[in-house]
Amino acid sequence: MRLTVEVLGSGTSSGVPTVGCTCKVCTSEDPRDKRLRPSILVQYEGRNVVIDTTPDFRQQALRSRMTRLDAVLYTHAHADHILGLDDLRPFNFMQRERIPIFATEETMESIRRIFSYIFWEGETESSRPKIDVNVFDSRPIDLFGLAFTPVRLNHGSGTTHGFRFGNIAYLTDHSDIPSESLPLLEGLDVLFLDALRLKPHPTHTTLDRAVEWVERLRPQRAYFTHMSHDLGHERTEQKLPAHVRLAYDGLQLVSEAGL
Ligand SMILES: [Zn+2]
Ligand SMILES: [Zn+2]
Ligand SMILES: [Zn+2]
């Protein structure tokens with residue numbers, strides 16, 4: 001199976017540039033320093049699956065020229081990962097079908113509360129996203145012949161989920177990877193990891209700690225994501241080993257092996 005991963009956004013919750021900031025990275029001319037909120041698009045066998053619908057989802061779908069959407073997987077219910085849910089509507093119109101979404105029970109509770117109008121059963125004159133809700137636990141989710149295995153992660157005192165599919169794992173928003181999740185991360189070709197900034201943060205990984213995870217988990221290649229304006233693309237990459245790179249919006253990876 002040939003599979004393409006496109007990085008839709010590599011920035012932290014406020015995005016880069018950050019509104020009002022005039023720092024070197026926020027005013028950089030390097031397009032790789034323009035980071036929308038964190039998400040990826042996984043394409044295979046004519047299917048499009050996205051992980052998270054960020055507040056920038058509309059812009060991301062336009063930029064990547066998405067013409068259909070087959071499923072959404074949610075990592076957790078923080079605003080930077082869910083607020084684009086309303087922009088599923090064009091796909092409902094085009095495909096004339098409901099879009100399946102996948103989330104844990106805890107994430108679904110938040111989505112139902114934050115997007116109560118979607119779940120309200122009365123009549124309305126306005127259009128609402130039409131979704132089918134699927135709750136996942138620790139078991140792999142089969143989407144159109146490809147298994148997405150949830151990888152439990154600690155996000156400060158909360159929980160979030162990364163996903164492994166084939167030999168690729170996408171782990172955003174974590175401060176720690178619990179030991180029971182480590183066996184799911186063996187033998188990876190590509191590992192995406194949260195690397196927020198240089199200074200410690202209660203709910204995210206620092207750049208140095210992300211490098212330590214790469215050394216421990218030994219993927220062929222690693223890409224860092226969910227980055228703040230502390231990390232300028234070019235300057236930061238110079239300090240990293242060759243097989244560890246910073247993700248950037250629009251980055252595409254093609255995988256043929258091990259799926
Ligand atoms: Zn986040
Ligand atoms: Zn800045
Ligand atoms: Zn988060």
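As the structure is a prediction and not an experimental result, all values here were calculated from the model. For ligands, and for the atoms within them, numbers begin at 1 and follow the listed sequence.
A distance below 6.0 Å separates the ring centres of Phe192 and Tyr223. Annotation: His226 is in aromatic contact with His204 [ring centroid separation under 6.0 Å]. Between Phe136 and His161, the ring center distance clears the sub-6.0 Å criterion.
Taking the Zn ion (ligand 1) as reference, the nearest N/O/S atom within Asp80 carries the name OD2. Closest approach between the Zn ion (ligand 3) and any N/O/S atom of His78 involves ND1. In terms of distance to the Zn ion (ligand 1), the nearest N, O or S atom of Asp173 is named OD2.
Rounded to 10°, the angle formed at the Zn ion (ligand 1) by NE2 of His81 and NE2 of His226 is 120°. Put simply, the angle at the Zn ion (ligand 3) from NE2 in His155 to NE2 in His76 is close to 100°, to the nearest 10°. The ND1 atom of His229 and the SG atom of Cys23 subtend an angle of 110° at the Zn ion (ligand 2), given to the nearest 10 degrees.
Ring planes of Phe144 and Tyr44: tilted class, angle from 30 to 60°.
Between Asp176 and Arg209, at least one side-chain N (NZ, or NE/NH1/NH2) sits under 4.0 Å from a carboxylate O, which counts as a salt bridge.
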